[in-house]
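What follows is a short report on a single structure.
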Amino acid sequence: MEHIDISKALAHHDCVTVLLAKDVPFNKTGHIIQDWDVLIAEGDTTRYIGDAIALVATEHKDTLDEVCNLVDVTYTELTPILTPEAAMAPDAPLIHSGGNMHPIKCLIAVMRTQLLKRLNMW
């Protein structure tokens with residue numbers, strides 16, 4: 001994502017504010033690895049259609065879509081990775097900086113924690 005312009009949205013008479021990744025104090029989350037962006041920052045890569053770019057607040061619910069449509073985002077379209085096999089290919093573009101696969105040790109740690117919780121030992 002190359003550029004986000006929120007000036008038109010902010011100028012709308014019903015807009016309260018528009019927040020971007022730089023406005024979120026802790027912008028990473030995740031169940032196993034904290035690598036999921038709450039909001040995608042300008043200059044970063046979106047990974048799926050539902051990635052959030054901006055948080056828009058309006059005075060009235062009925063103008064929200066109108067104000068959201070005033071947020072202008074400039075993208076460079078990348079070739080999508082559509083299957084697990086494509087993600088595992090040696091020449092596959094990296095979806096995350098650490099690679100396209102979660103390390104097994106992370107999954108084992110999560111499963112162990114879940115088991116201990118079920119046995120009331122956590």
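Positions are given from 1 along the sequence. Here the structure is a predicted model, which is why all the values come from computation and not from measurement.
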Is any side-chain heavy atom of Ile81 less than 4.5 Å from a side-chain heavy atom of Pro93? yes
Please check: side-chain N/O of Asp37 versus main-chain N/O of Leu39, any donor-acceptor pairing under 3.5 Å? no
Here the pair of heavy atoms bringing Ile4 nearest to Leu20 is CG2-CD2, 3.9 Å
Given side chains that start at C-beta, do those of Asp72 and Lys8 come closer than 4.5 Å, heavy atoms only? no
Within the distance-only criterion (no hydrogens, no angle test), does the side chain of His60 pair as donor or acceptor with the backbone N or O of Asp62 below 3.5 angstrom? no
Lys28 atom NZ, over 12 foreign heavy atoms within 6.0 Å: yes
Residues Val38 and Ala52: closest non-hydrogen pair is O-CB, 3.6 Å
Would you give the length of the straight line joining atom CD1 of Ile6 to atom CD of Glu42, rounded to the nearest 0.5 angstrom? 10.0 Å
Would you say that Glu59 contacts Val16 through its side chain, given a criterion of any heavy-atom pair below 4.5 Å between the two side chains? yes
Measure the CG-OG1 distance between Asn69 and Thr63 for me, rounded to the nearest 0.5 Å. 11.5 Å
Between CD1 on residue Ile40 and CZ on residue Arg47, distance to nearest 0.5 Å: 6.0 Å
Determine the minimum heavy-atom distance between Ala92 and Ala86, stating which atoms define it. CB-O, 3.2 Å
Please find the pair of heavy atoms, one from Ala9 and one from Cys15, that lie closest to each other, and give the distance. O-CB, 3.1 Å
Under a 3.5 Å threshold, yes or no: a donor from one side chain and an acceptor from the other, between Thr46 and Asp51? no
Joint cluster assignment, Leu70 & Tyr75, ILVMFWY side-chain distance < 4.5 Å: no
Could you tell me which non-hydrogen atom of Ile53 sits nearest to which non-hydrogen atom of Met1, and how far apart they are? CD1-SD, 3.5 Å
Exercise: identify the closest heavy-atom pair between Leu64 and Val56: CD1-O, 3.6 Å
